[in-house]
Amino acid sequence: LPERTGHPDVLTPWIGEAIDFTDATSVSSWTIPAVASVFTGLYPQQHAAGSFAEIPSNLARMTPSVLSGEAVTFPEVLRDQKYLTYAITASPFVSDTTGLLKGIDRFEVVKSPNVASHAVLWLRGRAASQSPWFLYLHFMDAHGDHVQGSPALEQFASELPDGLREATIRSAPAGICNDRQETECL
């Protein structure tokens, strides 16, 4: 947002051409299976990406399954049609190691506040090109209010009954977010 970043507003003119999904529901509560479903059109039970052999207790120590090499992704289809495919992600889970970037020619991993600015730079570089392209952006901003200790979570939890309040605060992803040097939530 220009008023928050001080950067010129280059996306507003494009909004009139964009499709606005006002009632979207994810097939999963976490990144790997959700993105795998977006890219393949398959349900998590079909592509099995992001599943665990046992109930996960610490994502820093457990490895989820990756997207199968047999699953065809939308970026692969586009790449085969001679599209340039590019991704800018703030999530370490959206990576080539999880299989989620199958069909993506090049990608950047950046801190969440920088996803949009990197996208604008990439788009400016493509402006003169006549070649078709696909750009995938993966933001992490939505996770900020759900991290233990955040004011929004504390305010939300304060309005709940005692037992539910403590369970909500305990279930916020502190282990995922605070075990890392960065302040981003995975």
Side-chain angles (χ1 to χ4, degrees), residues 1-41 49-50 59 67 73-79 81 83-153 155-156 172-174 176-186:
L1 298 173
E3 61 272 14
R4 289 175 49 193
T5 65
H7 296 289
D9 185 0
V10 296
L11 296 179
T12 298
W14 170 77
I15 289 174
E17 299 174 34
I19 298 171
D20 185 10
F21 295 94
T22 58
D23 187 22
T25 304
S26 180
V27 296
S28 179
S29 62
W30 83 289
T31 304
I32 294 176
V35 173
S37 290
V38 167
F39 279 175
T40 65
L59 287 177
L67 181 61
T73 66
F74 182 60
E76 285 179 298
V77 171
L78 291 174
R79 187 190 59 204
Q81 296 298 314
Y83 277 67
L84 171 65
T85 56
Y86 200 82
I88 302 170
T89 176
S91 172
F93 288 130
V94 179
S95 70
D96 51 351
T97 58
T98 58
L100 295 181
L101 294 179
K102 285 176 38 176
I104 298 290
D105 297 313
R106 293 184 50 207
F107 69 94
E108 297 177 60
V109 177
V110 300
K111 293 208 178 275
S112 199
N114 300 323
V115 172
S117 60
H118 281 246
V120 168
L121 290 173
W122 188 84
L123 289 168
R124 284 184 181 151
R126 303 288 318 146
S129 174
Q130 296 298 314
S131 302
W133 51 267
F134 169 76
L135 173 62
Y136 175 73
L137 305 177
H138 191 96
F139 294 84
M140 294 298 291
D141 304 307
H143 295 286
D145 289 342
H146 305 288
V147 178
Q148 277 187 4
S150 76
L153 178 64
Q155 180 180 353
F156 170 75
I176 299 170
C177 301
N178 295 337
D179 285 348
R180 302 188 173 276
Q181 297 298 328
E182 297 92 351
T183 58
E184 298 177 68
C185 177
L186 302 178

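Note that the numbering runs from 1 along the sequence shown for the chain.
Tyr136 has its side chain out of reach of Phe107: every pair of non-hydrogen atoms, C-beta onward, lies at least 4.5 Å apart. Looking only at side-chain heavy atoms (C-beta outward), Val35 and His138 come within less than 4.5 Å of each other. Between Glu108 and Tyr86 there is a side-chain heavy-atom pair separated by less than 4.5 Å.
Checking side-chain atoms of Asp105 against main-chain N and O of Leu84 turns up no donor-acceptor pair under 3.5 Å. The main-chain N or O of Val94 is never found under 3.5 Å from a side-chain atom of Thr98 such that the two would form a donor-acceptor pair. Between the side chain of Ser37 and the main chain of Val27, no donor-acceptor pair closer than 3.5 Å is present.
Arg106 CZ to Leu101 CG: the interatomic distance, rounded to the nearest 0.5 Å, is 13.0 Å. Leu137 CG to His118 NE2: the interatomic distance, rounded to the nearest 0.5 Å, is 11.5 Å. Put simply, OG on Ser95 and CD1 on Ile32 are 7.5 Å apart, with the number rounded to the nearest 0.5 Å. Remark: Phe39 CZ to Leu100 CG distance equals 7.5 Å, nearest 0.5 Å. The CZ atom of Phe74 lies 15.0 Å from the NZ atom of Lys102; values are rounded to the nearest 0.5 Å.
The minimum heavy-atom distance between Pro75 and Thr85, with the atom names listed, is O-CG2, 3.7 Å. Of all the heavy atoms in Leu67 and Ala36, the pair that sits closest is CD1-CB, 4.0 Å. Here the shortest heavy-atom pairing between Trp30 and Gly50 reads CZ2-O, 3.1 Å. In plain terms, the two heavy atoms of Phe139 and Ala116 that are nearest each other are CE2-N, 3.9 Å.
When the shell of 6.0 Å around CZ of Arg126 is examined, it contains more than 12 heavy atoms from other residues, nucleotides or ligands. Under a cut-off of 6.0 angstrom, the local environment of CZ in Phe134 is crowded, with over 12 non-hydrogen atoms contributed by other residues, nucleotides or ligands.
Residues Ser26 and Ser28 bring no donor and acceptor atom of their side chains to less than 3.5 Å of each other.
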Task: Candidate pair Thr89 and Ser91, rule side chain to side chain donor-acceptor pair (under 3.5 Å), full reasoning - done: CA-CA 5 Å; Thr89 176; Ser91 172; 4.8 Å; no
